[in-house]
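Below is one structure, written out as structure tokens; the observations come after it.
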Number of protein chains: 2
Amino acid sequence: MQPYNFFFCHLGVPRDVLDQSRKFKRESAQSRREALVQGTLELIAELGISGATVREIAARAGVTQGLIRHYFSSKDELIQAAYEHHMNRLTDQTAAFAGDGSAVSRLRNFVEASLRPPIVDPGAVALWAGFLNKVQHDPKMQHVHRRTYAYFRDHLETLIVAALHEVGQPVDDGEGQRLAIACNALIDGLWLEGGALPDAFGEGQLAQIGLTSVSAIIGLELTNKGEQPCG
Amino acid sequence: MQPYNFFFCHLGVPRDVLDQSRKFKRESAQSRREALVQGTLELIAELGISGATVREIAARAGVTQGLIRHYFSSKDELIQAAYEHHMNRLTDQTAAFAGDGSAVSRLRNFVEASLRPPIVDPGAVALWAGFLNKVQHDPKMQHVHRRTYAYFRDHLETLIVAALHEVGQPVDDGEGQRLAIACNALIDGLWLEGGALPDAFGEGQLAQIGLTSVSAIIGLELTNKGEQPCG
DNA sequence: GAAGAAATTATACGGTTGCATAATTACGCG
DNA sequence: CGCGTAATTATGCAACCGTATAATTTCTTC
């Protein structure tokens, strides 16, 4: 980087390469926030809400605790940001699995992805539960929860309506919403139980039950065996 | 503190009737434990897990904090007892609503009761979420969770199998279990959303969606309108 | 290369927490 | 009635929490 000379060659050499005595390195605001959020999520998932102290979070992110206050006005704000990040990642990840095939196949993939790892995961459930307890008492957390819930459910409603339309069984808005509420609850419940009791269900069992039940609720066969007409 | 008196007029009179200066009253171990558990539940529901400190809990129970250690070996043990109490109450309460009519009517009542107040309740959901976060890291909490989940689901499975048998559509064990898992997840999901977003659903909407969806999943009409054949 | 601004660390503080221990108090029993 | 014991309170403690502030270090810019 700096050629600058031969003798005394250490003088112009960037300290961050040679000198181990550097106290810290500056990073972009974004990467520091992400590191702090990530540390928060890890700790809540591993040790529970009470394990996520500012000191532990800072240690995970590789910084000292004072820095948290430099990027977030309070610990609560950091928790909020972590909650938002977690839920957005969860929903986006699931939505990406839907793919871009037919409406029926997109719905099938969406349901199935929601009920398999990595979406079904003990850590993710622990995280979600830890946050939910705070949702009731913090208006901002409540807002994030509302938005996230609506986001997931609306996405599901769109998929359901499109699939039913595709096979010639169109439904009106009210009915579409009711179906989405029901399927959303079913998926949430299965996801929750799969994450809370990882050993209680066989591999693929949740996905299979989910597909069968969604099919029954919306009156449209989504399972593969259903694609082979038996008459 | 005690003015020691002028004319001994207090002698012989039971102190607990006249003398307000009693420092405390002895209670049975059971009632003290219940009061402490009740205080714990109230606080977690109202203020979240972090609001349930030993001092606040003791205040709710009308005692001083040292007494907690006299009845529970640690705060964790109190939390455990509170969790167990809460879940048992929830399941027993729901089961009682089923009544003793026909199998189909018992199932209908069970589903409906699970999706209406007082079972659907923000406080109960906050409570449940607060505990769930601890379940993953505490083996004893995990045991309570397993038992409670199995209890509720088995009860539901019994009702479903009986109802299907009653209408001449018997199912084998494996299928009964699958149906119970699905319906349990559906009910849990609806219960959760109803408690977490109290204003998002109209009165009776959750129960209606729940009945319709359970009917679709198990292939047996439970709603009233279904009892009036339309053609 | 010096200077100034911004990022980061270092240190300190008041409050709270769970827990332990000692001092009181109530109550059953002879 | 008095005495012993167990229930209950009172007090204290060490650790930890979140936050504030001052002191350093890094990096950019001229």
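Just so we're on the same page: letters track the sequence lines, and every chain starts at 1.
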Review point. Looking at L36(B), I68(B), L67(B), which hits side chain to side chain contact (heavy atoms under 4.5 Å, CB included) with V54(B)?
Key: I68(B)
Check your understanding: How close or far is atom C1' of dG18(D) from atom CZ of R55(A), stated in whole angstroms?
Key -> 7 Å
Practice item. First locate atom CG of D121(A), then atom CG of L90(A), and finally report the distance between them rounded to the nearest 0.5 Å. Key: 9.0 Å
Revision key, fill the gap. Comparing nearest nucleotides in DNA chain C, the 5'-proximal residue of the pair E56(B), T64(A) is T64(A)
Review point. When you measure from the side chain of T53(A), which nucleotide among dG18(D), dT9(C), dT8(D) comes out closest?
Key: dG18(D)
Review point. What is the distance, rounded to the nearest whole Å, between atom CD of Q30(A) and atom P of dA7(C)?
Key: 15 Å
Study note, to complete from the structure: From the candidates dG18(C), dT8(C), dT9(D), the one with an atom nearest any side-chain atom of V63(B) is dT9(D)
**Study point:** Residue-level proximity of residues 65-77 of chain B to DNA chain C when a heavy atom falls under 4.0 Å
**Key:** Q65(B), R69(B), S74(B), K75(B)
Exercise for review: For I57(A) and dC16(D), give me the distance from atom CD1 to atom P, rounded to whole Å.
Suggested key: 16 Å
Check your understanding: Quick one: is dT8(C) close enough that its OP1 or OP2 comes under 4.0 Å of any side-chain N or O from R22(A)?
Key -> no
**Study point:** Verdict with supporting geometry, H145(A) and Y83(A), ring-ring contact (aromatic ring centres under 6.0 Å, His included)
**Key:** CA-CA 9 Å; H145(A) 178 246; Y83(A) 180 40; 7.0 Å; no
Point to revise | Euclidean distance, atom CZ of residue R33(B) to atom C1' of dA7(D) [Å, nearest integer] | key: 14 Å
Exercise for review: Residues of residues 133-144 of chain A with any non-hydrogen atom less than 4.0 angstrom from an atom of DNA chain D: list those, numerically ordered, please.
Suggested key: none
Practice item. Give the rounded distance in Å between these two atoms: CD of E27(B) and P of dT8(D). Key: 7 Å
Exercise for review: State plainly whether the residues R178(A) and E157(A) are in salt-bridge range, i.e. N to O under 4.0 Å.
Suggested key: no
Point to revise | Main-chain N/O of I119(B) paired to W191(B) side chain as donor or acceptor, under 3.5 Å | key: yes
Check your understanding: Is R116(A) salt-bridged to E112(A), cutoff N-O under 4.0 Å?
Key -> yes
Exercise for review: Could you check which residues of residues 34-50 of chain B get a heavy atom under 4.0 Å from DNA chain C? Sort them by number, please.
Suggested key: none
Check your understanding: side-chain hydrogen bond (donor to acceptor under 3.5 Å, both in side chains) between Q80(B) and E84(B): does it pass, once the steps are laid out?
Key -> CA-CA 6 Å; Q80(B) 255 170 51; E84(B) 192 146 7; over 6 Å; no
Review point. Hey, are Q30(B) and E34(B) close enough side-chain-wise for a donor-acceptor pair under 3.5 Å?
Key: yes
Exercise for review: Specify the closest pair of heavy atoms between I181(A) and R153(A), including all atoms of both residues, with the distance to one decimal.
Suggested key: CG1-NH1, 3.5 Å
Exercise for review: Compute whether any side-chain donor of one residue and acceptor of the other, for Y149(B) and D154(B), lie under 3.5 angstrom apart.
Suggested key: no
Review point. Of L43(B), I44(B), V37(B), which is the lone residue that meets side chain to side chain contact (heavy atoms under 4.5 Å, CB included) with L41(B)?
Key: V37(B)
Exercise for review: With the side chain of R26(B) defined as its heavy atoms from C-beta on, choose the nearest nucleotide among dT26(D), dT9(C), dA6(D).
Suggested key: dA6(D)
